[in-house]
Number of protein chains: 2
Amino acid sequence: MSGKRKGLGRATVHDVAKLAGVSSITVSRYFKQPGIVSQGLRDRIADAVARLDYLPNHAAGGLASTHGRIVAMVIPNISGPIFANTIQSFSDELNRHGYQLLLASSSFSIEKEESAVRAFLGWSPAALVLTSQYHSEETERLIAKANMPIVETWDYVPARNPLQVGFSHVEVGRQSVAYLHGKGYERIAFVQNSMVGDLSALDRRDGYIAQMTENGLKPWVFVPTQADPFEAGRQAINALLLRPQPAEAIIFANDNLAAGGMLAGTRAGMSFPGDCAIFGFGNYAFAELLLPSLTTIRPPAREIGEIAALRILQALGDIPVEGAVPHLNLLDCELIVRESA
Amino acid sequence: MSGKRKGLGRATVHDVAKLAGVSSITVSRYFKQPGIVSQGLRDRIADAVARLDYLPNHAAGGLASTHGRIVAMVIPNISGPIFANTIQSFSDELNRHGYQLLLASSSFSIEKEESAVRAFLGWSPAALVLTSQYHSEETERLIAKANMPIVETWDYVPARNPLQVGFSHVEVGRQSVAYLHGKGYERIAFVQNSMVGDLSALDRRDGYIAQMTENGLKPWVFVPTQADPFEAGRQAINALLLRPQPAEAIIFANDNLAAGGMLAGTRAGMSFPGDCAIFGFGNYAFAELLLPSLTTIRPPAREIGEIAALRILQALGDIPVEGAVPHLNLLDCELIVRESA
DNA sequence: TTGTAGGCGTTATCAT
DNA sequence: ATGATAACGCCTACAA
C-alpha cells in the first residue's frame, strides 16, 4: 500500500486538492495568486487547508521555481553593537513581505565570508547581501555569476557592480575633523581600530588624514597594540595625553575605544572635554550614558537594513518601482553632539 | 534542444557525473560520505566539480531527504543587548557543522512568533529554536506535531516538553536579594521592566518577592510608566529615593534601567552606592564603563547558544553522544560584583 | 564499492 | 478559470 519513501507525513497540495475536489495546481494558485481563483473554489480550498492543517513546503516550491522566498545575508558579526540594528530592520522588512532571512557571520574574515556565500548559493536565495566592498577573489567570482540581486551594505563604493546601500567612511573621517577644527582644536589625534580585518575603519582614518592635511594640520595617528578595545583606549589616552604637547582632541575609530579611553582618563583624574575633547564613532547604546556623554557620529544602521530590503523587494517585483531600481543608495551619517566634544 | 523548463542554469550532479564518468548517486555520496567512494573516483569527481563550478542545490537535497541542513530560530529581538550573543554563538556553532541559520525576531509578540514558526516549518528545518516558555496556543500545537528537535532557550522550565537550555529567572531574583541582604541592606526595592511582553522579567520579580518574604523583608515593587528604559530608570530613582524612607538598595529588572536610574541620580547630585546601592541584570556591554561600574548578574547568553547548538547537533547525529541527548540543561548565571553595590 | 529506478512536493508550461 | 503533465535536482531504497 505505502510507497517506497516516507516524506514528511504532512498534508501536501495533492491532499488538499483531493479534499477540495480541485487539481493541485489550483491549490498552488490559491496561495500565489488568489485573485485568479473563483470564490467558490477559494472557499473549498480554504476549508480543506484548515481541515488538513496544510503547511506549504517551501523547499519544494523553491526547487520548482528556481529560487525560494529566502534572502541570505553575511555580516561581520551579530553580537557587536554595530550591525545588529541593520540585521533587525532588514529581517523585519523581509518578513513583512513573506521572505525569510538566512544569516551567517564572517567575524571580519573573508575566508569565512566566502564559505558562507558558497553555502548560501546552494539554497538558491532570492537575493544575497554582503557587508563592505572587501571580499575574496572567489567570492567576487561567485557573486558575479550568481543570477540574483546582490547588495553590498555599509560601504558605499559607486564604482562597484553590486547594488550599494551605505555611507562613505572617508567622509565620516573628514566630518569628524571638520567639526573639531571648527570648534578651534588643532592638535587632533586619531586612534585606529585594534580590530583586525575591519578594513572600513581604515577608510575613516584615511578621511581623517586627508581632511587634516587639507586644513593645514598635521595628521597624528596612534595605533594601539592591545586587542581589547577598552585596554586599547586606555593605552591611547596615556600615549596621547601624558606628553609635553598633549592632544587637544582625540577621534577614536569607534565608541568602544572612546569609552575605554575616557574611563581610564577619568579614573586617572583627567576631565573631559576640559583636558581633551573626545570624539567617537557608532553612537553605541551607552554613548549617552557616559559622564560626560559621548559626542559621536551615528551611522545609518537601521536605515541600511530598511533600504537594502526595499531595493531587493523592488528588484524581485514584490514592491512596485517607477523605472529601474536605484542602484546607488548613499545614506547620511548623523553628527551627534553631546558633552565630550 | 532545450527542455521545457529553465532551471538555474548551473551544473547539476548529473553533469558532474557525466563528466566524471560515474553515476549521479556516486557524486552525491562523494559529498555526503566521501569515505565510501574509492580514491580513483574521488579524484575524477573532484576534477569535474572544479571544472563545472558545481554547487550543490540544498533545496533539492532538502526536498529529497525530507529535511535540509537548516535550523530555524525565533528570538524576541536581534538588536537588543541580550540575545545577540546567543544568536552569534548558536550560528557559529551550526555553521561549523554545515548547518545554516534561518532567523526571525518576534519583538516579544507571540503572534509574530507564531507566524515565524509557521513560515519556518515550511522549510522543513532540521530543528527549531524558540525563546522562553511563553507561546500562543497555535504555536504549541505546531511544535507538538512538528517532527524535529524543538529547543526552548533562556527560560528553564523542566516540566515542559521541548528541550530546555536556560536558567531560572526566579533564581536570579532570589540571588539578587540574597546578595544585597547579605551586605546588610534591608529596604530593597525592585524596579520592574517597562517593556511589555517580556514575561521572563516578571519571573525575576517573583523571585525577588519570594526571597524578600522568606528573609522577613517587605517586598517593594515599583512599576515605571515610561516606556523608554532610561526615562523609566529616572522615574524610579525619583520615586524611590526622594521620599522620607528612601530605598537603601534598588534591583533593576535590567541594566538599561539601572544605568538610566544611576545617570539621573548622579546628575541630580546623588552618589552611588553611598546614597543607594544599585543592582542590575544582564551585564550589558556598558556595565563596566559606568561610573560607578555596575554590579549585575550575567546571564549565560553565549553558553545558551553553544549548548543549544550542541544538543541539536547531537540529536541530529552530527555529534556523538553517550546515551540520550540531555533534555534538561540548566546553566548558571554569574554574579558580577562591581562598584555600584 | 557502484548503479538503477523513482519519488520528495511544488510549480511552469501547455491545453482546454 | 481550471486542469494534465512533466520537470526542478537530489537522495532513499534496493540491486548487483
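Residue numbers begin at 1 in each chain, while the letters A, B, ... track the order of the sequences.
In this structure, A:Arg141 pairs ionically with B:Asp53, as a charged nitrogen and a carboxylate oxygen lie closer than 4.0 Å.
As rounded to whole Å, 15 Å separates atom P of C:dG3 from atom NZ of B:Lys18. Between the P atom of D:dG9 and the CZ atom of B:Arg10 lies a distance of 9 Å, rounded to the nearest Å. Rounding to whole angstrom units, CG of residue B:Leu63 and P of D:dC11 are separated by 11 Å. In this structure, A:His67 places its NE2 atom 14 Å from C1' of C:dA12, rounding to the nearest Å. Atom P of nucleotide D:dA1 and atom CD of A:Gln39 are separated by 13 Å, given to the nearest angstrom.
B:His135 and B:Glu152 share a donor-acceptor pair across their side chains, judged by distance under 3.5 Å alone.
The nearest pair of heavy atoms linking A:Leu313 to A:His97 is CD1-CD2, 3.5 Å.
Remark: A:Thr86 OG1 to A:Ile75 CD1 distance equals 6.0 Å, nearest 0.5 Å.
For B:Ser38, whose side chain is taken as the heavy atoms from C-beta onward, the closest listed nucleotide among C:dT1, D:dC10, D:dC8 is C:dT1. With D:dT12, C:dT1, D:dG9 as the candidates, the nucleotide lying closest to the side chain of B:Ser65 is D:dT12. Closest to the B:Val13 side chain, of the nucleotides D:dC10, C:dG9, D:dG3, is D:dC10.
The shortest side-chain heavy-atom distance between A:Leu41 and A:Tyr30 does not fall under the 4.5 Å cut-off. Taking the side chain as every heavy atom from C-beta outward, A:Pro125 and A:Ile70 approach each other to under 4.5 Å.
Applying a 4.0 Å cut-off to non-hydrogen atoms, the residues of residues 41-57 of chain B that approach DNA chain D are B:Tyr54, B:Pro56, B:Asn57, listed by residue number. Within residues 23-35 of chain B, the residues approached by DNA chain D to less than 4.0 Å at the level of any non-hydrogen atom are B:Ile25, B:Ser28, B:Lys32, in residue-number order.
The number of heavy-atom neighbours closer than 6.0 Å to CD of A:Gln39, taken from other residues, nucleotides and ligands shown, is above 12.
Take the nearest nucleotide of DNA chain D for A:Gly21 and for B:Gly62: the residue whose nucleotide is more 5' is A:Gly21.
Using a 4.0 Å heavy-atom distance criterion, A:His14 is classed as a base contact.
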